Amino acid sequence: MPETGPAGAGLEVRGLVAGYIPDLPILKDVSVTVAPRSVTVIIGPNGAGKSTLIKAIAGLVPVSGGSVTLAGRAITGIAPDKMAGEGIAYVPQTDNIFRTLTIRQNLDLALRKAGGEARARLDELFNRFPPLAAKQKEKAGALSGGQRQFLAVAMALAVKPSLILMDEPSAGLSPKAAEEVLALARGLTAQGTTILLVEQNVKQALRIADHCYILADGRNQIDGSAAALIADPVVGEIYLGGKRLRAS
Ligand SMILES: Nc1ncnc2c1ncn2[C@@H]1O[C@H](COP(=O)(O)OP(=O)(O)OP(=O)(O)O)[C@@H](O)[C@H]1O
Ligand SMILES: [Mg+2]
């Protein structure tokens, strides 16, 4: 299992401070390690800074302290247009596809920098996601929620990333579709991809993840192996059907 290189890159986030407005950090001190070819899930209450963490890693939110390293290369505060070149793909929480375009047009957009390889990569993606091939002339907005997330992941894969950042890929999906999308994320690690994802479907996410971090108020709270956190009574009470979930 390679520790460095384009496939299966490890991610190190150290003491990250980041926010949207100068001197008003949302992330106050966050450290996260994602092993190569693993799935790490970030959970935590609304407003904890989960999306901000993903965006800060991707260079979409200004970083004022700490560091981000991918496969040993410093990428702290990377320019967003350098993201793909560094092997990073970001699947946003919302609006991650163009609904008024067809599936094919969405994929062509994602492949626009693939040059002469675009056709072969499109074929690969269609082989991998047969429902997208079958519906390629349909508007992306007509897809089911689960298929839309598959399209968003297919678009992310267009740049052959070593790290995929996914923000709540199962949000709003049926339990079955959520399971399929999370299983897809898990399956990508077998091809050498490293996955960092944010999830609210904590129980389902912990089943497919290797490691889990809990954030609150822009700081690390608890972290551990997914198996250990599933078994942890405090985590169970707060995140796995305990008070917080019953209250919502
Ligand atoms: N574009 C923005 N400009 C200013 N503040 C923002 C912006 N986006 C988010 N915030 C603030 O940053 C804080 C953390 O938001 P973030 O979206 O990272 O939380 P989250 O953990 O992803 O929550 P959720 O579970 O609701 O998705 C919140 O207080 C939010 O209001
Ligand atoms: Mg969020």
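Small disclaimer: the values here were computed from a predicted structure and weren't measured. Both counts, for ligands and for their atoms, begin at 1 and track the order of listing.
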I'd like to know if Asp217 pairs up with Lys28 as an ion pair, taking the criterion as any Lys NZ or Arg NE/NH1/NH2 lying under 4.0 Å from an Asp or Glu carboxylate oxygen. yes
Applying a heavy-atom distance cut-off of 4.0 Å, which protein residues contact ligand 1? Tyr20, Ile26, Pro45, Asn46, Gly47, Ala48, Gly49, Lys50, Ser51, Thr52, Gln93, Glu168, Gln200
With the threshold set at 4.0 Å, does a side-chain nitrogen-carboxylate oxygen contact exist between Glu124 and Arg128? no
Compare all side-chain heavy atoms of Leu122 with those of Arg104 and state whether any distance is below 4.5 angstrom. yes
Any donor-acceptor N or O pair under 3.5 Å, side chains Asn96, Gln149: yes
N-O pairing of Arg14 and Glu12 below 4.0 Å: yes
Below 2.8 Å, which protein N, O or S atoms neighbour the Mg ion (ligand 2), ignoring water? Ser51 OG, Gln93 OE1
Would Thr52 and Tyr20 count as having a side-chain donor-acceptor pair, cut-off 3.5 Å? yes
Is a salt bridge present between Lys82 and Glu86, judged by a nitrogen-to-oxygen distance below 4.0 Å? no
Residues Arg37 and Asp210 bridged, charged N to O under 4.0 Å: no
Does the pair Arg112/Asp108 count as a salt bridge with the N-to-O cut at 4.0 Å? no
